[in-house]
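Below you'll find the structure, written out as structure tokens, and then a few comments.
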Amino acid sequence: MNESTQPIEVLLVEDDPGDELMTREAFEDNKIRNTLHVVRDGEQALDFLYRRGAHADAPQPDLILLDLNLPKYDGRQVLEKIKSDPDLAHIPIVVLTTSSAEEDILRSYKLHANAYVTKPVDVEQFIAAVRQIDEFFVTIVRLPNRR
């Protein structure tokens with residue numbers, strides 16, 4: 001168990017309102033009150049991370065939950081951009097997507113995703129999966145200090 005189990009800033013990059021709602025529910029049911037920020041496409045994700053436009057005051061996330069199939073820039077492009085930027089590359093990224101295609105899994109890891117999780121179709125299993133990701137990164141994994 002991590003000694004300093006303090007809330008973390010989580011960025012959810014998700015265009016499906018239903019998946020966003022289930023993710024919010026998973027976070028709200030958890031004991032630890034992490035802050036969940038949501039953006040709906042790859043362009044908004046990059047604006048959030050680079051603090052541009054409406055996201056000028058955005059905090060740097062401690063963890064990113066990234067869908068692959070997004071409008072504007074897809075998740076693969078966002079992942080590649082983040083992991084190739086020395087100022088952002090340290091942020092853990094969990095790909096959370098409906099795709100179970102081997103080429104998506106392989107490409108995500110080649111682009112340095114920290115984990116790849118296929119979204120369960122069942123609501124309860126989906127919420128349980130997000131809860132486990134949250135608990136893992138908050139209580140077990142040691143995250144880098146905020147810059």
Side-chain angles (χ1 to χ4, degrees), residues 2 5-30 32 34-55 58-147:
N2 194 339
T5 315
Q6 49 187 308
I8 63 171
E9 303 285 340
V10 180
L11 176 61
L12 173 65
V13 187
E14 174 60 69
D15 64 322
D16 183 313
D19 289 351
E20 176 194 338
L21 187 64
M22 287 189 288
T23 304
R24 283 189 187 281
E25 191 172 318
F27 272 75
E28 286 166 8
D29 287 348
N30 250 351
I32 297 159
N34 295 328
T35 306
L36 184 65
H37 305 275
V38 181
V39 293
R40 302 215 177 273
D41 62 46
E43 186 176 54
Q44 288 179 15
L46 295 175
D47 285 349
F48 188 97
L49 291 164
Y50 289 107
R51 298 180 175 116
R52 298 186 294 227
H55 302 287
Q60 186 171 81
D62 299 300
L63 174 65
I64 299 171
L65 303 178
L66 178 66
D67 188 12
L68 287 184
N69 304 309
L70 297 166
K72 300 191 180 170
Y73 300 111
D74 78 3
R76 296 156 198 85
Q77 293 169 299
V78 173
L79 178 59
E80 187 170 18
K81 176 77 173 153
I82 294 168
K83 291 301 185 177
S84 65
D85 184 325
D87 293 330
L88 301 175
H90 67 280
I91 302 170
I93 298 178
V94 175
V95 173
L96 184 61
T97 186
T98 54
S99 173
S100 57
E102 189 62 32
E103 62 267 18
D104 283 336
I105 297 168
L106 186 58
R107 182 159 179 221
S108 294
Y109 281 119
K110 281 184 176 179
L111 292 172
H112 306 290
N114 298 84
Y116 190 101
V117 177
T118 303
K119 293 177 185 172
V121 179
D122 177 76
V123 174
E124 290 304 314
Q125 289 177 343
F126 181 97
I127 291 171
V130 170
R131 208 173 281 146
Q132 287 172 342
I133 292 166
D134 181 38
E135 287 172 6
F136 179 72
F137 279 96
V138 172
T139 61
I140 298 170
V141 170
R142 180 78 195 263
L143 295 172
N145 290 327
R146 289 191 188 120
R147 296 180 174 193

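Excluded from the calculations below are hydrogen atoms, water molecules and symmetry mates; all remaining heavy atoms, backbone and side chain alike, are included.
- Panel note: side chain K83, backbone I91; a donor-acceptor pair is recorded below 3.5 Å.
- Judged as a salt bridge (charged side-chain N to carboxylate O under 4.0 Å, His left out), and not counting sequence neighbours, the contacts of K72 are D41, E43.
- For F48 against P59, the heavy-atom pair with the smallest separation is CE2-O, 3.3 Å.
- No donor-acceptor contact under 3.5 angstrom links the side chains of Q44 and H55, judged on distance only.
- Between the side chain of D62 and the backbone N or O of E9 there is at least one donor-acceptor pair closer than 3.5 Å.
- Residues F137 and V94 meet the side-chain proximity criterion, which asks for heavy atoms closer than 4.5 Å.
- Under the rule for a side-chain contact (heavy atoms from CB on, under 4.5 Å), the partners of R24 that lie at least two apart in sequence or sit in another chain are E20, E28, L36, V38.
- Nearest heavy atoms, S100 versus I105: O-CD1, 3.8 Å.
- Taking the ring pair (Phe, Tyr, Trp, His ring centres under 6.0 Å) definition, one finds that H112 meets it with nothing, sequence neighbours left out.
- A pairwise comparison of heavy atoms in A45 and L11 identifies O-CD2, 4.5 Å as the closest pair.
- Contact detail for T97 and V95: the closest heavy-atom pair is CG2-CG1, 3.8 Å.
- Partner of Y116 under the side chain to side chain contact (heavy atoms under 4.5 Å, CB included) criterion, out of D104, L66, L106, I93: D104 alone.
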